[in-house]
Amino acid sequence: MMSDVKPRIRLPRSAKAGQAAEVKTLVSHVMETGLRKDADGNTIPRMIINRFTCEYGGEMVIDMALEGAISANPYVEFDIMVSDATDVVFTWYEDGGAVYTETQQLSVG
Amino acid sequence: ITLLPISVHAAADDAIAAYTGGASVTEGGVMITAPEIAENGNTVPISVEAPGAEEIAIYADGNPTPGVAVFKFGPAAGSHRASTRIRLGGTQDVVAVAKMPDGSFQQAAVEVKVTIGGCGG
């Protein structure tokens, strides 16, 4: 598990039911590709966020599979279809099984 | 004009064939947006959109491994678009393949010229 994994999320200040709302997410992570070598010539093992999901009101918004070709500090932008639900759950899955979850409230007005 | 050897693209073709299960892929139906020139291959902004698509997969045909990401859109998705930032080891084509609800596949490609490669090898 990496010690410095920190999610940052931007939801719209307010959203209207029936409309799309743009979500921006970024999680601090080195995304070590497994292709690099250290100073001694040993391959540095792969350690990436390999999956990211966003659920809204208990339904899947987006389920993303990530490879080593995703940049460090993975940034993902997408849209939620706003209903009357407020809970937005973001989950990042790391190689080795660590899981990072963040829940935020969408203000539906 | 530099002609790349076929083997450079074969890995991406194989990866796309594995994704589609060998189904034929038609051109169009997907929009892929990326900068024409990326000064830093470590972080290249890219957006994909395919109205109605269940999934969109992204491949970089000149990277050591061609797979980049697969977006699956769920019932609470507000659109069939997504943006992220990717690593490109050099100038190459980036390909988006959309899986449509009827089981068909559509694709589009865009060339990105990379000044400094992003695979740190």
Side-chain angles (χ1 to χ4, degrees), chain A residues 11-12 15-27 29-38 43-44 46 48-85 87-89 106, chain B residues 11-12 15 18-19 33-34 38 40-51 53-90 92 94-95 97 99 112 114 117-121:
Chain A
L11 294 172
K16 281 201 167 67
Q19 292 186 357
E22 186 177 87
V23 184
K24 295 178 178 182
T25 69
L26 186 146
V27 64
H29 197 281
V30 65
M31 294 292 279
E32 187 63 57
T33 61
L35 298 171
R36 297 195 312 147
K37 289 184 166 55
D38 65 18
T43 299
I44 304 169
R46 189 180 106 150
I48 69 168
I49 298 290
N50 59 53
R51 185 183 178 206
F52 163 71
T53 62
C54 172
E55 286 170 89
Y56 170 60
E59 287 195 315
M60 193 62 81
V61 178
I62 199 164
D63 185 345
M64 177 187 183
L66 295 79
E67 302 289 344
I70 295 294
S71 301
N73 307 322
Y75 171 82
V76 190
E77 183 186 318
F78 54 93
D79 297 314
I80 285 177
M81 181 52 72
V82 181
S83 62
D84 54 1
D87 273 16
V88 193
V89 182
L106 182 64
Chain B
Y19 175 66
T33 309
N40 181 0
N42 276 309
T43 174
V44 181
I46 190 159
S47 297
V48 291
E49 180 169 12
E54 286 180 348
E55 303 180 14
I56 304 175
I58 304 175
Y59 299 91
D61 74 4
N63 272 359
T65 52
V68 175
V70 181
F71 298 101
K72 291 184 189 179
F73 301 102
S79 68
H80 299 88
R81 73 163 191 104
S83 302
T84 187
R85 295 172 186 154
I86 70 173
R87 290 168 167 152
L88 295 175
Q92 59 186 287
V94 180
V95 184
V97 182
K99 181 183 182 187
V112 181
V114 176
C119 285

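Numbers restart at 1 for each chain; the letters A, B, ... are given by sequence-line order, proteins then strands. All of these numbers come straight from a predicted model, not from anything done at the bench.
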**Student:** Please classify the contact of A:A85 with chain B as side chain, backbone, both or neither, using a heavy-atom distance under 4.5 Å.
**Tutor:**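 Nothing of A:A85, per the 4.5 Å heavy-atom cut-off to chain B.
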**Student:** Does some side-chain heavy atom of B:E55 sit less than 4.5 Å from a side-chain heavy atom of A:D63?
**Tutor:** no
**Student:** Nearest 0.5 Å, what's the OG1-CZ distance between B:T84 and A:F78?
**Tutor:**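 B:T84 atom OG1 to A:F78 atom CZ measures 11.0 Å (nearest 0.5 Å).
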**Student:** Counting heavy atoms not belonging to A:D84, are there more than 12 under 6.0 Å from its CG?
**Tutor:**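 For A:D84, atom CG is not crowded (no more than 12 foreign heavy atoms under 6.0 Å).
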**Student:** Go through A:C54, A:A65, A:A21 and name the one with the most non-hydrogen pairs under 4.5 angstrom from chain B.
**Tutor:** A:A65
**Student:** Within this structure, what is the OG1-NZ distance for the pair A:T53 and B:K72, rounded to the nearest 0.5 Å?
**Tutor:**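 Between A:T53 OG1 and B:K72 NZ, I get 12.0 Å after rounding to 0.5 Å.
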**Student:** Does a side-chain N-to-carboxylate-O contact under 4.0 Å join B:R81 and A:E22?
**Tutor:**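 Here B:R81 pairs with A:E22 in a salt bridge, since their nearest N and O are under 4.0 Å apart.
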**Student:** Counting heavy-atom pairs under 4.5 Å with chain A, which one of B:S79, B:S47, B:A77 comes out on top?
**Tutor:** B:A77
**Student:** CZ of B:F73 to CE of A:M81: how many Å apart, nearest 0.5 Å?
**Tutor:** 13.0 Å
**Student:** To the nearest 0.5 Å, what is the distance between CG on A:L66 and CD1 on B:I86?
**Tutor:** 11.5 Å
**Student:** Does A:S71 use its side chain to pair, donor to acceptor, with the backbone of B:N42 at less than 3.5 Å?
**Tutor:** yes
**Student:** Which one wins on heavy-atom pair count under 4.5 Å against chain B: A:Q19, A:R51, A:M60, A:E55?
**Tutor:**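 Option with the greatest count: A:M60.
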**Student:** In Å, rounded to the nearest 0.5 Å, how long is the span from CZ of A:R46 to OG1 of B:T65?
**Tutor:**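 A:R46 CZ to B:T65 OG1: 8.5 Å, rounded to 0.5 Å.
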**Student:** What residue in A:A72, A:G57, A:G58, A:A69 has the most heavy-atom pairs under 4.5 Å with chain B?
**Tutor:** A:A69
**Student:** Looking at every heavy atom in both B:R87 and A:T33, which two are closest together, and how far apart are they?
**Tutor:**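 For B:R87 and A:T33, the tightest heavy-atom pair comes out as NH1-CG2, 3.0 Å.
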**Student:** Name the region of B:A82, side chain, backbone, both or neither, that has any atom closer than 4.5 Å to a heavy atom of chain A.
**Tutor:**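 When you check distances to chain A, atoms from both the backbone and side chain of B:A82 fall under 4.5 Å.
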**Student:** What residue in B:G74, B:S83, B:A69 has the most heavy-atom pairs under 4.5 Å with chain A?
**Tutor:**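 With the most close heavy-atom pairs to chain A, the winner is B:S83.
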**Student:** Please examine the side chains of A:D79 and B:H80, heavy atoms only from C-beta on, and report whether any two atoms are closer than 4.5 Å.
**Tutor:**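 Of all side-chain heavy-atom pairs linking A:D79 with B:H80, none is under 4.5 Å.
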